[in-house]
There are 2 protein chains.
Amino acid sequence: MPSLTSVLGVLDPTSDRAVFRQIADALREAIDKGRFREGDKLPSETELVDHFGVSRMTVRNALSLLQQEGLAVSEHGKGVFVRPRPPVRRLASDRFARRHRDQGKAAFTVEAEAAGSRPEVDSLEVKEERPSQDISARLGSPRKVLARRRRYLLDGRPVEFATSYLPLDLARNTPIAQPNPGPGGIYARLEEMGHRLDHFDEEIRARMPSPAEVRTLQLASGVPVIHLVRTAFDAEGRAVEVCDTVMAADAYVLAYQLPAN
Amino acid sequence: MPSLTSVLGVLDPTSDRAVFRQIADALREAIDKGRFREGDKLPSETELVDHFGVSRMTVRNALSLLQQEGLAVSEHGKGVFVRPRPPVRRLASDRFARRHRDQGKAAFTVEAEAAGSRPEVDSLEVKEERPSQDISARLGSPRKVLARRRRYLLDGRPVEFATSYLPLDLARNTPIAQPNPGPGGIYARLEEMGHRLDHFDEEIRARMPSPAEVRTLQLASGVPVIHLVRTAFDAEGRAVEVCDTVMAADAYVLAYQLPAN
DNA sequence: CTTGCCCACTCGTCTATACGAGTATGCATC
DNA sequence: GATGCATACTCGTATAGACGAGTGGGCAAG
């Protein structure tokens, strides 16, 4: 096995770059060059202390940098590891198009099984609520809304949670207010109820997760979330649903196809 | 002025939650409640040390958490501040549609001025290169490509940098190989050259920036980047351009409109 | 063989101290 | 009044030490 010096090099005492940054640089370079691969254990804090001849806080500072960059994750009692890249779920822009509406299962389940993963849906909750200001504005200021919350998991790992909001006058006492709205999901039910869907608006943001989101999605440090808000409009131009989704950014790539004219 | 105790409360010594997390919680809550607003200075490390009766490293640990969450930014010699939310640039999905192709200025310039900001383009560079494996695959494996790099700034702040790649056999000795390709940009030139554009594919990811990206975009810690790769296809189905864009996530919201059928 | 404990190793948290470096202010000097 | 310096504040970096807590292996007892 190669010596730590050949893998990580040594510090440059003449450099004005902070020592912990030099250590982080050395580790980052070693990872980039494949000397450490996904899931590999990095040298322990003690080993790095001995190798570089610095104090433990300095080493921890360096490792903390790598974790903020999303390059490494630490596991209490085990060590610090190169962060494994999870399989990525690709969301096509036409995933809610009418022609793709499966009559049996939910879109998430169909796609996950096609990709060879085990899908789960979780923390299902259907409630009547007063809408937040933002949701209210998007739905045309209804007094109350029906909120459908759920969390999605892939092979046991939470990847996304979402809340759908519908004006209560539209959804009350319909299959939409049931935990399972039936084949084709709530979009199929909306169309059966005479709200032929015309188009969707999607807004995409990326940001660091709140502490609550870190818990719900079991996010490693250095992993942002993608925040997607989709509004569904019927043929009369009425907003009939808003779906607010927060996704673990390391589990998703969003794909859109756009006409050129 | 209110006492720190009334703003931040006190520690719960019976809690098993780490002290630095309790301090971070207190600050986060104060920010959420508006006790500290955008751009406000948080209490200095020394003040927090005195108030909570802990060591400075513990306070720094707490402040570091808030910075990782993107809630705060520190400025050497000045203090730690609630991170200001910059104005957000909204990118509509039809921004490259033919009907919007302005005959005078670049899309970025037009949009920025409409929003009342001062746009700049920077580090313009046009080069012939060997494509990376990824770019090569997207463009149908050309031996060489023309790469057009540039950085965009809004009111002096870098918000995005992008590289366009075109197969060299298509772009060599054309206006596209000039730093300024002329009115309507390279898409207008491509269409003049007989490559009528048919559609665009866009792929969106979010992740933490590399150290190089932090420098180029002058990113605060706790700010992810949005990575967008757009491929332009002509009417024959040939990929004629790939544009690789990295955006400061706190400066953008992407908006797409999708048909329902 | 299985169970259960101990121990060694890992990272997590916290204290105390020191000095460096960037910023802003006021005061003395020119 | 303008210049420049001293100073006091800010955060940045680094050391040394201590104890806690999670993990896993080995060994001894059953």
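Throughout, a chain's letter reflects where its sequence line sits, starting with A, and its residues are numbered from 1. Just so you know, these numbers use all the heavy atoms, side chains as well, and skip hydrogens, waters and symmetry mates.
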Contacted region of DNA chain D by chain B, from 5' end to 3' end of the hits, cut-off under 4.0 Å to heavy atoms, spans D/dT10 to D/dT13
Side-chain donor-acceptor contact under 3.5 Å, B/Arg130 with B/Ser136: no
Atom CE of B/Met57 and atom P of C/dT13 are separated, to the nearest Å, by 12 Å
A/Asp50 atom CG is separated from C/dC9 atom C1', nearest whole Å, by 13 Å
Within residues 42-49 of chain A, those residues having any heavy atom closer than 4.0 Å to DNA chain C are A/Ser44, A/Glu45, A/Thr46
May I ask you to decide if B/Arg60's main-chain N or O and B/Glu45's side chain share a donor-acceptor pair within less than 3.5 Å?
no
Q. Is a side-chain N or O of A/Arg83 found less than 3.5 angstrom from the main chain of A/Gly70, in a donor-acceptor match?
A. yes
Is the backbone of A/Arg148 close enough, under 3.5 Å, to the side chain of A/Arg150 for a donor and an acceptor to pair up by distance?
-> yes
Applying side-chain contact (heavy atoms from CB on, under 4.5 Å) to A/Met208 and not counting sequence neighbours gives A/Pro224, B/Met208, B/Pro224
Result for side chain to side chain contact (heavy atoms under 4.5 Å, CB included) between B/Ile226 and one of B/Glu160, B/Met247, B/Arg205, B/Arg207 points to B/Met247
Q. Would you call A/Glu38-A/Arg85 a salt bridge at under 4.0 Å N-O?
A. no
What residues 61-75 of chain A contributes to the DNA chain D interface at heavy-atom separation below 4.0 Å is none
Test side chain to side chain contact (heavy atoms under 4.5 Å, CB included), reference A/Leu153, set A/Arg118, A/Glu120, A/Gln218, output is A/Glu120
Distances under 3.5 Å between nitrogen or oxygen atoms of protein and nucleotides 22-27 of chain C:
{"residue": "C/dG22", "atom": "N2", "partner": "B/Gly77", "partner atom": "O", "Å": "3.1"}

message = Any side-chain to backbone donor/acceptor pair from A/Gln22 onto A/Asp12? Under 3.5 Å, distance only.
response = yes
**Q.** Test item: A/His51 side-chain N/O and A/Gly9 main-chain N/O as donor-acceptor pair under 3.5 Å
**A.** yes
Practice problem: Could you tell me whether B/Arg138 and B/Asp134 have a side-chain N and a carboxylate O separated by less than 4.0 Å? | Solution: yes
- Query: Using 30° and 60° as the class limits, which term best fits the ring planes of B/Phe108 and B/Tyr152: parallel, tilted or perpendicular?
  - Reply: tilted
**Message:** When you compare the side chain of B/Leu228 with that of B/Glu202, does any pair of heavy atoms fall below 4.5 Å?
**Reply:** yes
| request: Look at the side chain of B/Arg95 and the backbone N and O of B/Ala92, then say whether any donor-acceptor pair between them is shorter than 3.5 Å. | output: yes
B/Glu213 side chain vs B/Ser210 backbone, donor-acceptor pair below 3.5 Å
yes
Note: contacts of residues 12-25 of chain A with DNA chain C (heavy atom, under 4.0 Å) are none
